[in-house]
Amino acid sequence: MRHVPRKRFGQNFLRDPGVIQEIVAAVGPAPSDRLVEIGPGEGVLTRELLQSGACLEAIELDRDLVAALKRRFAGVGRLRIHEGDAMKFDLRTIATGERLRVVGNLPYNISTPLLFHLFDQIDVIEDMHFMLQKEVVDRLCAGAGDDHYGRLSVMAALYCQAQHLFDVGPECFHPQPKVVSAVVRLVPHAVPPDAGMVKQVSAVVVAAFGQRRKTLRNALKGLLDETAMVRAGIDPGARAEELSLADYVGLSRQLNP
Ligand SMILES: C[S@@+](CC[C@H](N)C(=O)[O-])C[C@H]1O[C@@H](n2cnc3c(N)ncnc32)[C@H](O)[C@@H]1O
C-alpha cells in the first residue's frame, strides 16, 4: 500500500530523478565513507547513496516508513535503519573512528533546531549535505550586511563553511511544498569551536539579534557595557546585522567567564 504523506513529519518526498542524482553527485560518496541519512522516507536517496558501496546509517521517525524501508532493503548489510528522532540521536554512538558524512532531505518543520543539534556534535562530522527550505539555506550562507543575515548565519559560521549548491522547485516533490528548496554543503572547520566559546558567542548573538533594530548599546544592555564594546573594537552605535563572526567572537571575549 502506498504511504500517505504525513504533514506533521514534514514529509515532502523527492520525485525528480535528476535532482536525486544531483544530490548524490554533490555528496560524491566513496566506498570507505560512513554515511548518515536523516529522514530517508521511502528510500529514494538511500538507494542511490548505497550504490557507492558506502555504509549508511539511516534515522527515520515514521514507524510505517521504517517498516517499509526494512522490507525494501532487506538483506543489505551496509544499511542500518534506526527508528527514532534525529533531534535526539547521538551520532557519537555510531561514530567509531572515521567521521560521519551526514545527508538528508530534511523535514523543514524542524530544520533549524536539527541543525543546532548537529552543530553540537560537529567533532564527529566530516561534512553535511542537506535539502532545506531555500530561505534557510540563504540564512546559512549569509554574511554581515546581507538580507538574510541573522543568528543562524553567525552560529553556523562558527562551526562550518556553508555553500549554496543549487535550488530545487516545488514541482520536484510530492506533495509539493509551498516554498522553493535548496541544497547546501556544510563543511566543519578543521578545529571545532570549544563549548565555552559557543556559549558566550550564542549569548551575545541572541541578545543582539533579539532586538536587531536597536543599536548594540541598547540591545546588549545588561550583558556588555560600552567600554567593553569599544575594547573589542566595536562601535556601540552599530546594529547586529553589521557585525561579522570575528566581531561577535571579539565581543564574547569581553563577557565575564
Ligand atoms: C522531506 S521528507 C524526505 C524523505 C526522503 N528522504 C525523500 O527525499 O523523499 C523528511 C523525512 O524525515 C522524516 N522525519 C521527520 N521528522 C523526523 C525526525 N525528527 N527524525 C528523523 N526523521 C524525521 C520524515 O518522516 C520523512 O521521511
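Quick caveat: nothing in here was measured; it's all calculated off a predicted structure. Atoms within each ligand, like the ligands themselves, are counted from 1 in listed order.
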**OP:** Could you label the plane-to-plane angle of the Phe119 and Tyr159 rings as parallel, tilted or perpendicular, counting under 30° as parallel and over 60° as perpendicular?
**Re:** parallel
**OP:** Could you tell me which atoms of ligand 1, counted from 1 in the order shown, lie closer than 4.0 angstrom to a heavy atom of Ala86?
**Re:** 18 (C), 19 (N), 20 (N), 21 (C)
Original post:
Would you say Leu14 has any N or O atom under 3.5 Å from an N or O of ligand 1, going by distance alone?
Top reply: yes
**OP:** Among all protein heavy atoms, pick the one closest to atom 5 (C) of ligand 1 and tell me residue, atom and distance.
**Re:** Pro40 O, 3.4 Å
Subject >> Validation row: Arg34, Glu57 side chains within 4.5 angstrom (heavy atoms) >> reply: yes
Subject >> ILVMFWY network linking Leu165 to Leu45, side-chain heavy atoms under 4.5 angstrom >> reply: yes
Subject >> Nearest neighbour in protein (non-hydrogen) for atom 15 (C) of ligand 1 >> reply: Phe9 O, 3.0 Å
Original post:
Among the heavy atoms of Leu106, does any lie under 4.0 Å from an atom of ligand 1?
Top reply: yes
Original post:
Is ligand 1 less than 4.0 angstrom away from at least one heavy atom of Gly84?
Top reply: yes
Original post:
Can we say Arg99 and Asp123 salt-bridge, meaning some charged N sits less than 4.0 Å from an Asp/Glu carboxylate O?
Top reply: no
Original post:
With a 4.5 Å limit on heavy-atom distance, are the side chains of Gln211 and Asn218 in contact?
Top reply: no
**OP:** Kindly say whether the aromatic ring centers of His117 and Phe89 come within a distance under 6.0 Å.
**Re:** no
Original post:
Is the NZ or CZ atom of Arg151 positioned over Phe116's six-membered ring, under 6.0 angstrom from the centre and within 45° of the axis?
Top reply: yes
Subject >> salt_bridge(Asp62, Arg6) N-O dist < 4.0 Å >> reply: yes
Original post:
Below 3.5 angstrom, do we get any N/O pair linking Glu60 and ligand 1?
Top reply: yes
Original post:
Between Arg15 and Glu42, does at least one N-O distance fall below 4.0 Å, as a salt bridge requires?
Top reply: yes
Subject >> For atom 16 (N) of ligand 1, the protein heavy atom that lies nearest, with its residue and separation >> reply: Pro107 CG, 3.5 Å
Subject >> Atoms of ligand 1, numbered as shown, that sit under 4.0 Å from any heavy atom of Ile59 >> reply: 21 (C), 22 (N)
Original post:
Going by the order shown, which atoms of ligand 1 are within less than 4.0 Å of some heavy atom of Asp85?
Top reply: 18 (C), 19 (N), 20 (N)
Subject >> Nearest-neighbour protein heavy atom for atom 22 (N) of ligand 1, which is reported as residue plus atom name and distance >> reply: Leu61 N, 3.4 Å
**OP:** Please check if atom CG in Asp194 has more than 12 non-hydrogen atoms from other residues, nucleotides or ligands closer than 6.0 Å.
**Re:** yes
Original post:
Side chain, backbone, both or neither: which part of Glu37 comes within less than 4.0 Å of ligand 1 when only heavy atoms are counted?
Top reply: side chain
Subject >> For Gly10, atoms of ligand 1 separated by under 4.0 Å from a heavy atom >> reply: 1 (C), 2 (S), 10 (C)
**OP:** Decide whether an N or O pair under 3.5 Å exists between Asp62 and ligand 1.
**Re:** no
Original post:
Rounded to the nearest 0.5 Å, how far does OG of Ser244 lie from CD1 of Ile234?
Top reply: 7.0 Å
Original post:
Any side-chain heavy-atom pair from Asn109 and Phe9 closer than 4.5 angstrom?
Top reply: no
Original post:
Does any N or O atom in Val44 lie less than 3.5 angstrom from one in ligand 1, N or O only?
Top reply: no
Original post:
Which atoms of ligand 1 are found less than 4.0 Å from any heavy atom of Leu65?
Top reply: 25 (O), 27 (O)
Original post:
Do any nitrogen or oxygen atoms of Gly39 come within less than 3.5 Å of a nitrogen or oxygen of ligand 1?
Top reply: yes
**OP:** Would you mind listing which atoms of ligand 1 come within a distance below 4.0 Å of any non-hydrogen atom of Asn12?
**Re:** 1 (C), 2 (S), 3 (C)
**OP:** Around atom 10 (C) of ligand 1, find the nearest protein heavy atom and jot down its residue, atom name and distance.
**Re:** Asn105 O, 3.5 Å
